[in-house]
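Structure first, commentary second.
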Amino acid sequence: MIGGMRCGTRAMLRYLSQHPQLCPHEKAHDPHFFSSDENWKKGLSWYLSGWTKFDPQAHLYGLESSTHYTKYPLIKRVPERMRRSGLDFTFIYAMRDPIERIESHFVHNAGKGYVDPENPKARAKFLAQALAYSDYNMQLERFENAFPGKRLFIYALEDLQQRRAELLGRLSEFLQIDAFPFEEVPYVRTKLSENTQKIRLTEAEKEAAAHKLADGISALASRGVIDPGKWQTYSQYAPKRDANLLGTRPARPAVNRLGSRLAFLTVDTEAMRYRAKNRHVNKLIWGEHPKGRAGIREMAAIGKEFGARHVFFLDMCEEELFGESIADVARYLGDAGEDVQLHAHPEILPDAFWGASRLAV
């Protein structure tokens, strides 16, 4: 679990730790291996030694939660370190109304004595950091870029609070673990100083934060990740230009059938080597370019928005060239509910493949 802070990750960790197929790290909450320079220097074996109770016959996952993993730019290099570790990750990321998250974070840190809310400079510095942690789109993109196609489960704290059984069921299905009767976890209040009731964001701070976060929230909404209309505080202060994203999606265009004919939107999903000098899958399938990204993830989001999903013809011959990165593409499209069909360019397969498969002429 990679975050976010003040989004109920501790409660979710306590729920998931009940499941017999999940093995929590001995310091399950905040081991900070990939975010702490000191812990990183201790080496991967030190990190893995925290799963002394892991039984490969019983457990499908090792479980840990470190909200520091999504505190960029204060804490850098986390996705890069994860990639260098060579471990196989499945990510879970929690969000909540971003303005409420900032205020909760502010109350927490002030109550712990980490920031003086009466000191203008300290207050401004803290709010700049907290704003970055609420930029969920930026935090997620760092992991999506480091692990293109990697499975990522995203949920809202509001779902954990109001639709817990449904959420835990969806998460269990995502992790492909057995259905389980999770017992209710009691709320544990963090001990803070007595004057926290007076600590609040000003109206101007809320409005400024909502305007700065608007582009990222819009990007998440356009991808179908969130419905910001459910975030009442953010909706109250969001700029008017985001009105369409606040619970009133544009109407889908009417679908006109051409008699008995039906049109399919198809996409050849391939990473032919002659089309790029390097990072072929990242550039030609995930669509990474100097100004951003325009690939299958964005195509799928547009199709979902207008009710006109694509048929992705994935060249599975390229798995021979690019390995798991092509399988990751197939998994992403499948998890996203897209129609994935076989596409093949056998001419790209090396001679060794034909010899090993006994298909050489």
Side-chain angles (χ1 to χ4, degrees), residues 83 90-91 93 137 140-154 173-174 176 215-216 218-227 244-245 249-350 353:
R83 192 171 183 86
T90 295
F91 299 117
Y93 185 62
N137 188 59
L140 282 171
E141 280 192 335
R142 300 189 67 249
F143 285 85
E144 290 172 340
N145 291 336
F147 297 93
K150 178 58 67 175
R151 301 173 73 229
L152 180 68
F153 187 88
I154 304 170
E173 184 178 345
F174 172 83
Q176 297 182 332
D215 287 344
S218 297
L220 290 175
S222 67
R223 290 164 52 186
V225 174
I226 57 168
D227 177 5
N244 280 340
L245 297 175
R249 305 287 292 166
R252 291 179 176 177
V255 177
N256 295 317
R257 295 182 180 272
L258 306 176
S260 60
R261 291 177 292 173
L262 185 64
F264 289 89
L265 256 165
T266 67
V267 181
D268 282 2
T269 311
E270 56 192 33
M272 304 297 282
R273 280 182 164 169
Y274 67 87
R275 292 176 178 159
K277 294 182 179 179
N278 51 36
R279 304 178 70 244
H280 300 82
V281 176
N282 292 57
K283 292 180 178 179
L284 300 173
I285 295 180
W286 296 108
E288 295 180 8
H289 59 89
K291 294 185 179 180
R293 189 172 56 207
I296 60 170
R297 189 182 283 111
E298 289 69 31
M299 292 182 190
I302 294 171
K304 181 179 180 180
E305 179 179 355
F306 290 97
R309 295 203 171 192
H310 303 72
V311 181
F312 291 90
F313 283 91
L314 180 60
D315 184 3
M316 292 307 299
C317 291
E318 292 180 0
E319 189 174 18
E320 186 72 17
L321 305 180
F322 304 117
E324 274 296 300
S325 59
I326 294 296
D328 284 341
V329 173
R331 293 188 191 100
Y332 168 78
L333 292 170
D335 288 345
E338 299 297 333
D339 187 355
V340 186
Q341 299 293 334
L342 176 65
H343 184 48
H345 280 283
E347 72 274 10
I348 69 172
L349 294 169
F353 169 84

Can you name the closest pair of heavy atoms from [X] and [Y] and give their distance?
| X | Y | result |
| --- | --- | --- |
| Ala330 | Leu314 | CB-CD2, 3.6 Å |
| Phe313 | Leu342 | CD2-O, 3.6 Å |
| His289 | Arg293 | NE2-N, 3.4 Å |
| Glu338 | Ala300 | OE2-CB, 3.4 Å |
| His310 | Met299 | CE1-O, 3.0 Å |
| Ala301 | Ser222 | CB-O, 3.4 Å |

| task | Would you please test Leu220 and Ile154 for side-chain contact (heavy atoms from CB on, under 4.5 Å) and show each step? | result | CA-CA 11 Å; Leu220 290 175; Ile154 304 170; 5.9 Å; no

Decide if atom CD of Glu324 counts as having more than 12 heavy atoms of other residues, nucleotides or ligands within a radius under 6.0 Å.
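Enclosed: over 12 neighbouring heavy atoms sit under 6.0 Å from CD of Glu324.
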
Out of curiosity, [X] [atom1] to [Y] [atom2], how far, rounded to the nearest 0.5 Å?
| X | Y | atom1 | atom2 | result |
| --- | --- | --- | --- | --- |
| Cys317 | Ile348 | SG | CD1 | 5.5 Å |
| Arg297 | Leu333 | CZ | CG | 10.0 Å |
| Leu284 | Asp268 | CG | CG | 12.5 Å |

| query | Can you say whether the rings of His343 and His345 are parallel (under 30°), tilted (30 to 60°) or perpendicular (over 60°)? | reply |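 Ring orientation, 0 to 90° scale: perpendicular.
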
Which is it for Ile326 and Met316 under the side-chain contact (heavy atoms from CB on, under 4.5 Å) test, yes or no, and what are the steps along the way? CA-CA 7 Å; Ile326 294 296; Met316 292 307 299; 4.1 Å; yes

Looking at [X] and [Y], would you say the former's side chain and the latter's main chain have a donor-acceptor pair under 3.5 Å?
| X | Y | result |
| --- | --- | --- |
| Thr269 | Val267 | yes |
| Glu298 | Gly295 | yes |
| Asn282 | Glu288 | no |

Minimum side-chain heavy-atom gap [X]-[Y] below 4.5 Å:
| X | Y | answer |
| --- | --- | --- |
| Val329 | Trp286 | yes |
| Arg275 | Lys283 | no |
| Phe322 | Arg273 | yes |
| Tyr332 | Phe312 | no |
| Arg223 | Asn137 | yes |
| Glu144 | Leu152 | yes |

Practice task
Just do the ring pair (Phe, Tyr, Trp, His ring centres under 6.0 Å) check on Phe147 and Phe91 with the steps written out, would you?
Solution key: CA-CA 10 Å; Phe147 297 93; Phe91 299 117; 5.3 Å; yes

request  = Apply side-chain contact (heavy atoms from CB on, under 4.5 Å) to the pair Glu318 and Met272, showing each step before the final yes or no.
outcome  = CA-CA 8 Å; Glu318 292 180 0; Met272 304 297 282; 3.5 Å; yes

Exercise for review: Applying side-chain contact (heavy atoms from CB on, under 4.5 Å), run through Val281 and Asp328 and close with a yes or a no.
Suggested key: CA-CA 10 Å; Val281 176; Asp328 284 341; over 6 Å; no

